[in-house]
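First up is the structure itself, then whatever we jot down about it.
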Protein chains: 2
Amino acid sequence: MDLGTVRTFVAAADAGQFQEAAAELAVTQQAVSKRIAALESNLGVRLFTRTARGAELTIDGQAFLPHARELLRVAERAVASVRPGRRPLRVDVIASRSAPSGLMRGFHRAHPDIELDVVMLFDIETAVAAIRSGAIDASFRAVAVPGRPLPEDIESVWVLDEPLQLLTGPAHMLAGARSVTLAQLAGHRIWMPGIVPGTEWAAYYDDLVAEFGLTIEATGPNFGSDALLDTIADTPALATFMGEPTRLIWPAGHGLRRIPVTDPTPVYPHSLLWHRDNPHPALATLRAHLAATAAGHDAAGTWAPGWVIPR
Amino acid sequence: MDLGTVRTFVAAADAGQFQEAAAELAVTQQAVSKRIAALESNLGVRLFTRTARGAELTIDGQAFLPHARELLRVAERAVASVRPGRRPLRVDVIASRSAPSGLMRGFHRAHPDIELDVVMLFDIETAVAAIRSGAIDASFRAVAVPGRPLPEDIESVWVLDEPLQLLTGPAHMLAGARSVTLAQLAGHRIWMPGIVPGTEWAAYYDDLVAEFGLTIEATGPNFGSDALLDTIADTPALATFMGEPTRLIWPAGHGLRRIPVTDPTPVYPHSLLWHRDNPHPALATLRAHLAATAAGHDAAGTWAPGWVIPR
DNA sequence: CTATGGACACAACCGTTGGTTGTGGCCGGC
DNA sequence: GCCGGCCACAACCAACGGTTGTGTCCATAG
């Protein structure tokens, strides 16, 4: 099935006859007839009843029409998503389960008319390069890693701190705890596969390890978060860190336990980054939205690396 | 753009390489390469970065991917909408602005997982034939017109009464009234183009006219409700009837006035019709939903034709 | 009843698209 | 430095999709 055929179907349905639809599409009536016939053959149902003065939709055709329109709308958006200039606002988040992901969902709810695309880049270096090249419009990242100050043309503003929680399987020693302190975690195996040295998230966990004497293992291939959750659920000696789910769907069926960490609570600092000269109107809207919805921040009892920009 | 290409793109993105995607799609690697290249050429952007051990998405590719998936989902639903057997529940409503339309929206909100298609048939005769043939699963109609009892195999249940309101332009004599009685409308020109003799809605208005001495004009071609509203808005001497909008969007910008009609309030009686033997599981859900959400009916002060089935 | 015009379907023809096979280049790993 | 995996390019070919020409059906007018 190709969209030209669908477009033809919609045009014919709107016009009420093939001839006019053909004129609109700048093809012959015979071409429209053939396209519709092919579509009907593919679907296995008759879409039009041909009459002496046109063609009108059958019941099947009526049922199909809104779906066809939707198809064209979605195709339109798909093309727009990569159109250079006036494309949807494109924002990088660190992970789909991270807090910025939830923020973007909230932004979308508040501004459903603003076209959005969310991408996930590798690290802040990639993100900054993408921002400077114009490939993306904004990025939620932790700044600023020592030795890597933000370039002059990149602006940033702190957005929120995401508290980390301990994630264990049901058989883990700490599974029953209502909360744990960072000091209690010393000696436990914290497994976070996929940490790549040199990234800003690696720097975050390096600092966390150095300051509280934790042992975080980054060994083994990263098969994705689902595989990670499976392993955590089944391995009594293993735990991992995960951002506190705000409103995200909590993966069910694993018997996993979330345990708040206290004294202090490690928080992952998300800032919004964008290019000084980016004229995208939706970018200003996003910044305003984030500024307006940012809850008053209470840093008491939390920990973040010293290099985090003031907030 | 055709959906085969989109499917190829998604398969390649999922596989991370063209070769494997080609195997999945049962074509050669070269075909996948050509399809992706064509898609990139159409969109004007590069979607993959080719490496020695596969192909990974560019930022544009990442932005495009969810749209591509959505496109395939919508296409799937579009095909399903006309698939014989196990297709979405197909329900006929009398008009898109009518109360049953709102009911179906409420049903969709309550059961977003149930696939729905709403169609608009000509009259109850067509609807009953469509129900008996299996082309539709249910219909909201007014029953039972004199001389046309429902066939044995069609079941029906009263659902709701839709109060009619008077619709006038701002310059109409009654534009400022907070409400009008049916008696007051005698002598005023009520214009309802598109009424076709022999239909059940014509029978309804025939009875309304006969009982209260109104004059309803059905003259002139029916150019659709938008054209109707335009004319009503601009013509001081003309008014029309329209169902009371429950939560529908009220057409703005015309300066139109809605005026409740009282003593009595004419109500249009909607019943749900379906085939005795229809096994569609969603049909039972719809009936249960309607039964549960039907507000307690108060027929006091309302008018409907005598032939309406008891409620 | 017939003539006419409008609208769609069918047939023949043909260019372009999209597939295959064959081959070459590039990169990473052994 | 060779080998293997993966992708791109070229040549070839079938099939799809378009056009022109023609036939059929139906509604309307004479």
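Note on naming: letters A, B, ... go to the chains in the order of the sequence lines (proteins, then strands), and numbering restarts at 1 for each one.
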Stepwise side-chain hydrogen bond (donor to acceptor under 3.5 Å, both in side chains) test for B:Arg46 and B:Thr58: CA-CA 7 Å; B:Arg46 206 143 235 293; B:Thr58 62; over 6 Å; no
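Rounded to an integer number of Å, the gap from CG of B:Leu25 to P of C:dT20 is 11 Å. Atom-to-atom, CD of A:Glu40 to P of C:dC10 comes out at 11 Å; the value is rounded to the nearest Å. A:Ile36 has its CD1 atom 14 Å from the C1' atom of C:dA7, to the nearest Å. The nearest whole Å value for the distance from the CZ atom in B:Arg53 to the C1' atom in D:dC6 is 11 Å. Note: CG (B:Leu47) to P (D:dC7) measures 15 Å, nearest angstrom. If you take CD of A:Gln17 and P of C:dA9, they are 12 Å apart, rounded to a whole angstrom. Between the NZ atom of B:Lys34 and the C1' atom of D:dA14 there is a distance of 12 Å, rounded to whole Å. Here C:dG19 presents its P atom at 12 Å from CD of B:Gln30, a figure rounded to the nearest Å.
B:Arg83 has no carboxylate O lying under 4.0 Å from a charged side-chain N of B:Glu115, or vice versa, which leaves the two without a salt bridge. Ion pair A:Asp60/B:Arg90 flagged as a salt bridge, since at least one NZ, NE, NH1 or NH2 atom sits closer than 4.0 Å to an Asp/Glu carboxylate oxygen.
For residues 129-143 of chain B, the pairs satisfying side-chain hydrogen bond (donor to acceptor under 3.5 Å, both in side chains) are B:Arg87-B:Asp137, B:Asp92-B:Ser139, B:Asp92-B:Arg141, B:Arg132-B:Asp153, B:Asp137-B:Asn278, B:Arg141-B:Glu200, with sequence neighbours left out. Legend: salt bridge (Lys or Arg N to Asp or Glu O under 4.0 Å) pairs involving residues 3-23 of chain B, not counting sequence neighbours, sorted by first then second residue: B:Asp14-B:Arg69.
Within 6.0 Å of atom CZ in A:Arg53, 12 or fewer heavy atoms from other residues, nucleotides or ligands are found, so the atom counts as exposed in its surroundings.
Of the listed nucleotides (C:dT20, C:dG28, C:dA9), C:dA9 has the atom at the smallest distance from the side chain of A:Gln29. Checked against D:dG18, C:dG19, C:dC8, the side chain of A:Arg35 finds its nearest nucleotide in D:dG18. Here the nucleotide nearest the side chain of A:Phe18, chosen from D:dA8, C:dG28, C:dC8, is C:dC8.
None of A:Leu238, A:Thr215, A:Leu167 except one satisfies the side chain to side chain contact (heavy atoms under 4.5 Å, CB included) rule with A:Trp191; the exception is A:Leu238.
Put simply, A:Ser33 has no side-chain N or O that comes within less than 4.0 Å of OP1 or OP2 on C:dC8. Contact between the side-chain N/O atoms of A:Thr28 and the OP1/OP2 oxygens of D:dT19 is found at a separation under 4.0 Å.
Contacts of B:Val32 with the nucleic acid, taken as non-hydrogen atoms under 4.0 Å apart, are absent.
Across the helix from C:dC1-D:dG30 to C:dC30-D:dG1, the helix axis at one end is tilted relative to the axis at the other end by 20° (nearest 10 degrees, each axis from five pairs).
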